[in-house]
Amino acid sequence: MSGPFPDLRRGVLIADDHVLVRAGLRTLLESSSRYRLAGEATDVAECLRLIEALRPPLLLLDIQLPDMSGIDAVARIREVSPSLRIVFLSSQDSRESVTRALQTGADGFLSKDFVLSELELALDAVCAGQRYLSPRISNVLVEAMSSPAHAEAAPGGLTGRQLE
C-alpha cells in the first residue's frame, strides 16, 4: 500500500524452498485484508537474515528446507526473535513430524493443501496466542492417540512393559 497511510496489515515471512508454494502463498497474502507478505526465504540461513532485518511478527516455515529442517531451525529462530509466531507448513502429516514440530514451541501446523480462509484462520489464531492445527493434522493426531499402541503408552511415552 503506498501513499500517506501506513499499511497496518501484519507482515508474514515465508520460508519455503519451492517456488510454486511461495508464489501461491504470496498470492493468498496479496488477497488478504489482514496480512501482507513481509519477505521470502528459500533456506534457514536466508530466513534468519530476513527475520533480523525485517522483524516480521509471523513466519510460515516449511518443515524441510535445503540447509536444515524447519524443526531444527526453530531454536535458532527463537534466539533471533523470541516473540515471532511460527506456523509450520508441510505436505508431511505423520504423527512424528507434527509432534516434533509442536514440541519445538511452534504456534501452528498447516498442511500445504489449505485455502485462503484457513491461512487467515491459522494466522488469526496464532496472533491471538492460540495454537492452530489444520483439520487434516488434527485428525492425524486424534487417530494416533486412539490407536492401541498409544493406549498402552505410559507417561514419558513408555509402554507398560517398558516401565516394568
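Positions are given from 1, in the same order as the sequence printed here.
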TODO: Find out whether Leu37 and Ile14 are in side-chain contact, i.e. whether some heavy atom of one side chain is under 4.5 Å from a heavy atom of the other.
DONE: yes
TODO: Salt-bridge test for Asp17 and Arg22: reply yes if a basic N is under 4.0 Å from a carboxylate O, no otherwise.
DONE: no
TODO: Would you check if Leu119 and Leu110 make a side-chain contact, meaning some heavy-atom pair closer than 4.5 Å?
DONE: yes
Open item on the list: Less than 4.5 Å apart, side chain to side chain, heavy atoms only: is that true for Arg131 and Val126?
Closed with: no
Task: Charged N-O contact under 4.0 Å between Arg10 and Asp124 - done: no
Task: Arg34 atom CZ, neighbour heavy-atom count above 12 within 6.0 Å - done: yes
TODO: Apply side chain to side chain contact (heavy atoms under 4.5 Å, CB included) to Ser111 and list each qualifying residue two or more places apart in sequence or on a separate chain.
DONE: Asp113, Ser134, Arg136, Ile137
Open item on the list: As a quick check of understanding, evaluate side-chain contact (heavy atoms from CB on, under 4.5 Å) for Ser32 and Glu120, giving each step before the final call.
Closed with: CA-CA 8 Å; Ser32 172; Glu120 288 185 329; 2.6 Å; yes
Open item on the list: Please give me the minimum heavy-atom distance between Ala101 and Ala106, naming the atom from each residue.
Closed with: O-CB, 3.4 Å
Task: By side-chain hydrogen bond (donor to acceptor under 3.5 Å, both in side chains) - contacts of Thr42 (at least two apart) - done: Glu46
- [ ] Starting at OH of Tyr132, measure out to CG of Leu123 and round the result to the nearest 0.5 Å.
- [x] 10.0 Å
Task: Reported OH-to-CZ distance for the pair Tyr35 and Arg9, which is rounded to 0.5 angstrom - done: 11.5 Å
- [ ] Please examine the side chains of Ile71 and Gln64, heavy atoms only from C-beta on, and report whether any two atoms are closer than 4.5 Å.
- [x] no
- [ ] Before giving the answer on side-chain contact (heavy atoms from CB on, under 4.5 Å), spell out for Ser69 and Ile63 the whole-Å C-alpha distance, their side-chain angles and the decisive distance to 0.1 Å.
- [x] CA-CA 6 Å; Ser69 104; Ile63 202 163; over 6 Å; no
Open item on the list: Could you tell me if the side chain of Leu13 sits less than 4.5 Å from the side chain of Leu60, heavy atoms only?
Closed with: no
Task: Gap separating the CZ atom of Phe109 from the OG1 atom of Thr99, nearest 0.5 angstrom - done: 9.5 Å
TODO: Side-chain contact test, heavy atoms from C-beta onward, threshold under 4.5 Å: evaluate it for Leu58 versus Cys127 and give yes or no.
DONE: yes
TODO: Tell me, please, which residues at least two apart from Asp67 pass side chain to side chain contact (heavy atoms under 4.5 Å, CB included).
DONE: Asp43, Val44, Ala45, Leu65
TODO: Would you mind reporting whether Arg36 and Leu29 have side-chain heavy atoms less than 4.5 Å apart?
DONE: no
Task: Separation between CZ of Phe88 and CZ of Arg100, rounded to the nearest 0.5 Å - done: 9.0 Å
Open item on the list: Are the side chains of Leu89 and Leu61 in contact, using a 4.5 Å heavy-atom criterion?
Closed with: no
Open item on the list: Going by salt bridge (charged side-chain N to carboxylate O under 4.0 Å, His left out), name the pairs with one or both residues in residues 101-110, residues two or more places apart or in two chains.
Closed with: Arg78-Asp107, Arg85-Asp107
Scan the side chains in residues 48-56 for donor-acceptor partners under 3.5 Å anywhere in the protein, sequence neighbours excluded, and list what turns up.
{"unit_1": "Arg55", "atom_1": "NH1", "unit_2": "Val80", "atom_2": "O", "d": "2.8"}

Task: All side-chain hydrogen bond (donor to acceptor under 3.5 Å, both in side chains) counterparts of Thr104, not counting sequence neighbours - done: none
